[in-house]
Amino acid sequence: MSASVLDQLLEMGFDKSRAELAVKKSDGLPDAMDWLEKTQETPIEELLEEENSGANIAQVSDGTVAMSLVCNECGKKFRATGEAEFHANKSGHTDFAESTEHIAPLSEEEKKQRLEELRERVKAKRAGQAAVDKEEQKRNEKIRQKATKETHELKEELQRKEQMKEAAKKRQEKLDDLEAKRRIKAKIEADKEERRRKAEEAKAAREGRPVPVAAAPAPAPAPTRPAATHNETRLRLQTSGGNVMKTFPADTTLFEVAQLLESENGITVTKFIQNFPRKVFEGNLDLGKTLKEAGLVPSAALIVQ
């Protein structure tokens with residue numbers, strides 16, 4: 001019988017050490033399951049220590065046959081030693097005695113009913129634990145998703161700033177290249193003029209003519225006025241706190257304008273809107289444009305959002 005009860009408990013998923021102790025401390029499968037349920041939160045080491053200490057059971061002294069056990073502290077009667085030990089573990093009572101009173105065993109129908117009740121309780125408890133585990137898993141998943149989103153947003157922000165820096169670097173390199181070309185061209189022109197002057201002086205000396213004095217260059221005729229090249233732009237920025245008037249170099253990026261508003265006015269900028277002509281500047285590509293590239297020179301009015 002004990003081997004069969006142990007096998008059934010193991011099939012139900014109970015730990016072997018606990019199942020063996022339950023078989024020892026109970027009378028049949030229902031009692032074993034009841035004992036396991038009531039002691040599931042107690043460490044196995046503590047249960048084994050209680051098993052070794054045992055309960056103090058007084059024997060009958062008149063030579064009659066003991067039919068049951070009784071707890072002298074609460075009066076509860078038990079059919080077998082295992083039940084008395086289970087009661088001792090649960091209640092802490094230690095004073096037990098043998099009794100001649102016969103306690104009728106459970107009928108097969110009562111055993112089946114009790115076993116079914118115990119199984120339902122175990123099933124309900126496991127279902128409750130599964131629901132708790134599922135909620136915990138949901139909370140952990142939300143935490144993971146939030147962390148992933150924040151990491152992704154931080155990466156995008158860092159990438160956007162790097163793109164802005166790279167764009168500003170390329171614009172500066174382009175300006176430096178144009179300035180270098182202008183200086184080289186001016187040097188070439190100056191060298192040509194110097195060679196021409198020396199050639200004129202050498203020719204005059206060969207012909208016995210006085211060296212011509214370089215005449216002051218005649219004032220160049222007023223050139224046709226070229227198309228205006230604006231190096232600055234004046235912006236009227238409409239914010240939630242009022243208008244902000246600022247003048248920027250034409251090669252300032254919209255991103256740099258947004259950074260200035262954030263540092264000086266505490267305004268977080270997501271986009272700029274120009275009403276006429278209708279334009280919306282947002283995202284890394286638009287904010288990376290200079291004011292000149294965006295067509296905002298020599299002046300413009302922008303709504304800040």
Side-chain angles (χ1 to χ4, degrees), residues 1-140:
M1 174 64 180
S2 296
S4 176
V5 171
L6 178 61
D7 291 340
Q8 292 182 66
L9 292 175
L10 294 177
E11 288 176 3
M12 292 179 188
F14 291 105
D15 177 72
K16 185 177 180 180
S17 299
R18 286 182 177 273
E20 290 175 344
L21 195 56
V23 171
K24 186 176 180 181
K25 285 185 167 293
S26 59
D27 182 19
L29 183 60
D31 285 346
M33 291 185 65
D34 194 20
W35 184 88
L36 285 168
E37 182 184 9
K38 291 176 180 178
T39 60
Q40 61 182 340
E41 303 297 334
T42 306
I44 184 65
E45 293 80 7
E46 185 178 330
L47 295 174
L48 290 173
E49 184 178 350
E50 291 175 354
E51 165 66 9
N52 293 332
S53 62
N56 181 23
I57 303 177
Q59 297 182 346
V60 292
S61 57
D62 57 359
T64 56
V65 178
M67 303 297 294
S68 61
L69 296 170
V70 61
C71 176
N72 292 328
E73 296 183 36
C74 66
K76 190 172 183 179
K77 296 179 175 60
F78 311 95
R79 284 186 295 273
T81 304
E83 294 181 9
E85 290 180 348
F86 175 71
H87 176 72
N89 293 332
K90 180 181 176 182
S91 63
H93 297 169
T94 58
D95 187 9
F96 293 83
E98 292 181 337
S99 172
T100 57
E101 182 179 347
H102 176 70
I103 301 176
L106 294 175
S107 66
E108 289 300 321
E109 186 63 30
E110 289 173 333
K111 287 182 179 180
K112 288 181 181 180
Q113 182 179 357
R114 187 175 178 187
L115 178 60
E116 186 62 30
E117 290 174 354
L118 290 173
R119 281 177 173 167
E120 287 298 323
R121 290 211 298 268
V122 171
K123 182 179 178 182
K125 186 170 184 64
R126 288 178 177 172
Q129 185 61 44
V132 171
D133 293 342
K134 187 175 181 181
E135 288 300 318
E136 182 68 20
Q137 186 177 2
K138 285 182 179 179
R139 286 194 296 271
N140 291 338

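Sequence positions, counted from 1, serve as the residue numbers for this chain. Worth saying up front: this structure is predicted, and the values here are computed from it rather than measured.
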Which donor-acceptor pairs under 3.5 Å do the side chains of residues 132-139 make with protein atoms, sequence neighbours left out?
| from | atom 1 | to | atom 2 | distance (Å) |
| --- | --- | --- | --- | --- |
| D133 | OD1 | Q129 | NE2 | 3.1 |
| E136 | OE1 | R139 | NH2 | 2.4 |

Considering residues at least two apart in sequence or located in another chain, which fulfil the salt bridge (charged side-chain N to carboxylate O under 4.0 Å, His left out) criterion with E120? none

For E73, which residues count as a side chain to side chain contact (heavy atoms under 4.5 Å, CB included) partner, sequence neighbours excluded? C71, H93, T94, D95

For L36 and A19 the tightest heavy-atom approach is CD2-N, 4.3 Å

Measure the spacing between CG of L6 and NZ of K24 and express it to the nearest 0.5 Å. 13.5 Å

L29 and M12, any side-chain heavy atoms less than 4.5 Å apart: yes

Could you tell me the separation between the CD atom of E11 and the CD atom of Q8, rounded to the nearest 0.5 Å? 7.0 Å

Heavy atoms of G75 and V70 approach each other most closely as O-CG2, 3.9 Å

Looking at side-chain heavy atoms only, is the closest gap between L69 and E98 below 4.5 Å? yes

Under the salt bridge (charged side-chain N to carboxylate O under 4.0 Å, His left out) test, residues paired with K76 that sit two or more places apart: none

For the residue pair R18 and T39, establish whether any side-chain heavy-atom pair is separated by less than 4.5 Å. yes

Please name the pair of heavy atoms, one in A32 and one in L9, separated by the smallest distance, quoted to 0.1 Å. CB-CD1, 3.9 Å

